[in-house]
Amino acid sequence: MKPTATTGFIAVRMENPALEIEDFERLVAQYRTRVLRFVFASVRDMDLAETLTQDCFWKAYKNRDAFRGDCSMQTWLMKIAINLVRSHMRNRRFQFWKKAERVRGDEIRQWPDRGISPEERASVNERVQAVWEATQTLSERQRTVFLLRYVEDMDIPEIAQATGVSESTVNVHLVRAVQGIRRRLGKSK
Amino acid sequence: MNNHLSEKQFARCFVGVSTNEERQHLLECLECREDLEGFENAIASLRSTIREQVEDRTTHIQPTRERMPKVRRAIAAAAVILLGLVPLLTSQRPQRIITEASSEKNADALMDAINLHLSRTVASPMEPMMSLLPSDEYITGSGGIK
């Protein structure tokens, strides 16, 4: 079998434990952006997202023996990230961050939108803010599958593996998430 | 089907689990199609905004790591350690000079200084105050002053 990034990591780890950390660094470099993107989309705070992403890789490193290669490394990491985001949302210790995680309108206006007029930028930013806020009103499961699908571009079988539900359930959550966002957007108009 | 897609039908079309009938309606109904395209654009804007934000953050961090490979990091650490040692080395030098100078002092002069110190009844800072006290000849037997 030709070694992939995932199986290569495990093979290297088994053959030469000294290379383990070096290889794990490569793994972090490869997947960090994806994990950070999902976490940031979920918690809407970059500093917190970075902390949770760091936690995600730390957990992955600690539990590296539990990875059997029955799903892709990305799916495995996403599974850990989903659990971290979930426990963050539930953990009362992080209630303080709830104030910070609300991205204000004036911050959104500063976001980069290259090559468009200021009016168009304002309109796009307003739309982005409305949709992003609408995702926050969804149930945890709906939000997770929605962000994995439309921000992370993961396909349905991958999402099903990462969330531990069937593919048809993922589709049901997606349909409900879209309905929820549309309902919310309709209210905000 | 009504004139337009219901919210559930719309969501099914967006997710990609629509029926043939719903797809057919989309082909025929400009209003529903525009509605769907508008929603797709909104989601695409959200995605690109999030991606830009994360890319901006990660590209700000990564070059710093690349600019500091292991060898350079080691050199920088060594430089910091050396800089930290400089004040320690410089502060030890004058002490050594003082020690050397004091060992060369005349032993007699040192003994004189010690004897003077031992002969004092009170500490040297308090000596000026001693002149304010009355001498023994003015003190009566009962403890009063003549």
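By convention in this document, chain letters (A, B, ...) are assigned in the order of the sequence lines, proteins followed by strands, and residues within each chain are numbered from 1.
F38(A) has its side chain out of reach of I50(B): every pair of non-hydrogen atoms, C-beta onward, lies at least 4.5 Å apart. The side-chain heavy atoms of I43(B) and F146(A), taken from C-beta on, include a pair separated by under 4.5 Å. The shortest distance between side-chain heavy atoms of F39(B) and L185(A) falls below 4.5 Å. The shortest side-chain heavy-atom distance between N171(A) and R12(B) does not fall under the 4.5 Å cut-off. Contact of the M46(A) side chain with the Q53(B) side chain is registered, since non-hydrogen atoms from C-beta on lie closer than 4.5 Å.
With a 4.5 angstrom heavy-atom cutoff, V17(B) touches chain A only via side-chain atoms. Residue contact with chain B, scored on non-hydrogen atoms closer than 4.5 Å, involves the backbone and the side chain of R37(A) alike.
To the nearest 0.5 Å, the span separating CZ on F40(A) from CZ on R51(B) amounts to 13.0 Å. The structure places CG of L46(B) at 10.5 Å from CZ of R127(A), a figure rounded to the nearest 0.5 Å. The OG atom of S6(B) sits 7.5 Å away from the CD atom of Q179(A) when rounded to the nearest 0.5 Å.
The 12-atom threshold is not exceeded at CD of E31(B), counting heavy atoms of other residues, nucleotides or ligands nearer than 6.0 Å. At most 12 non-hydrogen atoms from other residues, nucleotides or ligands lie less than 6.0 angstrom from CZ of R176(A).
With salt bridges taken as basic N to acidic carboxylate O contacts below 4.0 Å, none links R47(B) and E152(A).
Tracing side-chain contacts under 4.5 Å through hydrophobic residues (I, L, V, M, F, W, Y), one reaches V165(A) starting from M78(A); they form part of the same cluster. Hydrophobic clustering of Ile, Leu, Val, Met, Phe, Trp and Tyr side chains at less than 4.5 Å, counting indirect connections, unites V35(A) with V28(A). In terms of hydrophobic clustering, with Ile, Leu, Val, Met, Phe, Trp and Tyr side chains grouped at heavy-atom distances under 4.5 Å, L36(B) and V178(A) are assigned to a common cluster.
Counting heavy-atom pairs closer than 4.5 Å to chain B, the top-ranked of the candidates L174(A), D153(A), V131(A) is D153(A).
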>> Assess the residue pair R182(A) and D35(B) against the criterion (side chain to side chain contact (heavy atoms under 4.5 Å, CB included)); give the C-alpha distance rounded to whole Å, side-chain angles, the decisive distance to 0.1 Å, and a yes or no.
In response: CA-CA 11 Å; R182(A) 294 261 302 167; D35(B) 194 10; 2.9 Å; yes
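Looking only at distances, no side-chain donor or acceptor of R57(B) sits under 3.5 Å from a matching main-chain atom of L36(A).
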